[in-house]
Structures are given as C-alpha cells and as structure tokens.
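First the structure, in the form of structure tokens, and then the observations on it.
Side chains included, hydrogens not; waters and symmetry mates left out as well; all remaining heavy atoms used. Since the model is a prediction, treat every value here as computed from it, not as a measurement.
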Amino acid sequence: MTRLSGSGDDQPSGPGDDPLSVALEVADAVDGLANLWTVAAQGASLRLSPHQLRALRILESEPGLNLTTLAESMEIGPPTASRLCDRLEAAGLLERLLHPHRRREVQLVLTARGRQVLGEVAERRSRALAAVLAAMEPGARAALSGGLRAFLSAQDGNGRETGDPGR
C-alpha cells in the first residue's frame, strides 16, 4: 500500500523523506490524477479508450504517420494498430490517405472531428484538474508547481533520452 492512502503506520515523516517514500506518495498522486484524467475523458461527447486517445494525440503531434510508425510509437503490434485505426476511421476521427510521394504507403491523418474530440477531452481534463487545484491552498499550489518543474528538470537529466530510468 502506498503512503497517501492513509492506512497503516506509514505516515509521512516530513520534507526530508527518502526518495522511495516520496516515490510512494507520488505514485498515489499519479493514480489519483490518472483516475481524474480517465473520468474527465469519459464525459466527452464521444467516449474513447485510453489507447484510442493516445493514438489520436500521437497523430495530432505527428500528422501523416504511417501505420508501422504509429504502432512503434504506441509499442503495439501493427495488427493491433490497424484494428485501432479501423475503429477510429469508422468513427470519423481519422482518415487514411495515400502518401503523395510513396504509392505503397498510407498516411494517417486526423479529421476535423478527431481534432474536435481531442480538444473537448483536453478541455474537460483541464477543468477537472483546475477544480482540484482550486481546492488547494495557494502556497501548496506554488509548491506543487515548483516540485513538478524540478521533477521534469531531473528527469531530463536522468536518462530520459536513453529510456533508462535507473540512470
């Protein structure tokens, strides 16, 4: 059981907690955020699975990817990616277009509806997160913001490029 759950005798000992203890607290917070993220996304006009949303976000940031590259980005097999794209295409969220210079390659491109759904999900998630942040004291919000910036900075310097979390 992780620390923020409030069960057992694993109460926080203060700001000098060791990295493992803090990691357990962060894990609880991430679980809470993931739940908030999922619930907010499910309230959108079109309910999409986390995999579907992730595929749309990847295609939003890298328009025109082919199926193989999308599958690699998502760390799934091409057949799974193909079925995923079939469902997204049937829902009118993406379309497959012939590559303008490579006849045998198909590009995956978001439709206007796909961009609209992503925007709606992002808006719902932002509002849900803002509601939680509004319930926090201003000093706690500032501390969280500073801590997140420090986390991202440390992550950038600690193996993010190599994918080695232990570095």
Side-chain angles (χ1 to χ4, degrees), residues 19 22-23 26-134 136 141-167:
V22 173
V26 170
D28 272 348
V30 168
D31 284 344
L33 178 59
N35 185 53
L36 177 132
W37 228 231
T38 300
V39 169
Q42 293 306 307
S45 60
L46 184 59
R47 295 181 85 175
L48 299 172
S49 73
H51 253 58
Q52 291 170 323
L53 281 170
R54 185 167 175 231
L56 292 177
R57 285 195 318 270
I58 290 170
L59 292 172
E60 179 182 44
S61 66
E62 300 179 58
L65 288 182
N66 63 29
L67 187 69
T68 302
T69 306
L70 176 64
E72 289 170 356
S73 296
M74 295 185 68
E75 298 180 352
I76 60 176
T80 302
S82 182
R83 288 188 300 274
L84 177 66
C85 289
D86 288 345
R87 289 188 295 274
L88 293 171
E89 187 175 31
L93 303 175
L94 77 77
E95 54 188 341
R96 293 175 165 123
L97 304 173
L98 290 177
H99 192 284
H101 306 296
R102 290 175 279 212
R103 295 180 325 173
R104 297 176 66 199
E105 186 173 318
V106 174
Q107 295 179 307
L108 304 170
V109 180
L110 290 183
T111 63
R113 175 75 173 131
R115 287 187 297 279
Q116 175 191 3
V117 168
L118 278 180
E120 181 185 355
V121 168
E123 176 68 23
R124 292 183 63 78
R125 286 176 166 174
S126 294
R127 287 179 191 260
L129 184 56
V132 172
L133 293 170
M136 294 173 65
R141 271 195 309 271
L144 176 62
S145 179
L148 289 172
R149 281 192 302 276
F151 173 84
L152 291 173
S153 177
Q155 186 181 31
D156 284 342
N158 273 337
R160 186 176 207 194
E161 293 175 17
T162 64
D164 179 10
R167 221 179 90 183

Output the distance between atom [atom1] ([X]) and atom [atom2] ([Y]), rounded to the nearest 0.5 Å.
| X | Y | atom1 | atom2 | value |
| --- | --- | --- | --- | --- |
| L98 | E105 | CG | CD | 10.0 Å |
| R83 | H51 | CZ | NE2 | 10.5 Å |
| L59 | R57 | CG | CZ | 11.0 Å |
| E72 | L65 | CD | CG | 10.0 Å |

Can you give the donor-acceptor pairs under 3.5 Å from side chains of residues 84-95 to other protein atoms, not counting sequence neighbours?
unit_1: D86; atom_1: OD1; unit_2: R96; atom_2: NH1; d: 2.9
unit_1: D86; atom_1: OD1; unit_2: R96; atom_2: NH2; d: 3.0
unit_1: E89; atom_1: OE1; unit_2: R96; atom_2: NH1; d: 2.8

Any non-hydrogen side-chain atom of [X] less than 4.5 Å from a side-chain atom of [Y]?
| X | Y | answer |
| --- | --- | --- |
| R113 | L46 | yes |
| L56 | V121 | no |
| L144 | L148 | yes |

Closest heavy-atom contact between [X] and [Y]?
| X | Y | result |
| --- | --- | --- |
| A71 | A81 | CB-CB, 3.7 Å |
| R125 | A41 | NH2-CB, 3.6 Å |
| M74 | A55 | SD-CB, 3.6 Å |
| Q107 | G64 | CG-O, 3.4 Å |
| L110 | R115 | O-NH1, 3.0 Å |

**Item:** Sequence-distant partners of L36, side chain to side chain contact (heavy atoms under 4.5 Å, CB included), two or more places apart
**Value:**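 Applying side chain to side chain contact (heavy atoms under 4.5 Å, CB included) to L36 gives L33, A128, L129, V132.
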
**Prompt:** What's the verdict on side chain to side chain contact (heavy atoms under 4.5 Å, CB included) for I58 and L70, showing C-alpha distance, side-chain angles and the deciding distance?
**Reply:** CA-CA 8 Å; I58 290 170; L70 176 64; 3.8 Å; yes

**Distance-only side-chain donor-acceptor flag, S145 / R149, under 3.5 Å** =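 Yes - a donor-acceptor pair under 3.5 Å links their side chains.
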
**Request:** Using modelled atom types only, decide if a donor and an acceptor are shared between the side chain of S82 and the backbone of P78 within a distance under 3.5 Å.
**Result:**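 Judged by distance alone, no pair lies under 3.5 Å.
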
**Asked** Any ion pair linking E123 and R127 (charged N to carboxylate O, less than 4.0 Å)?
**Response**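 Yes, this pair counts.
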
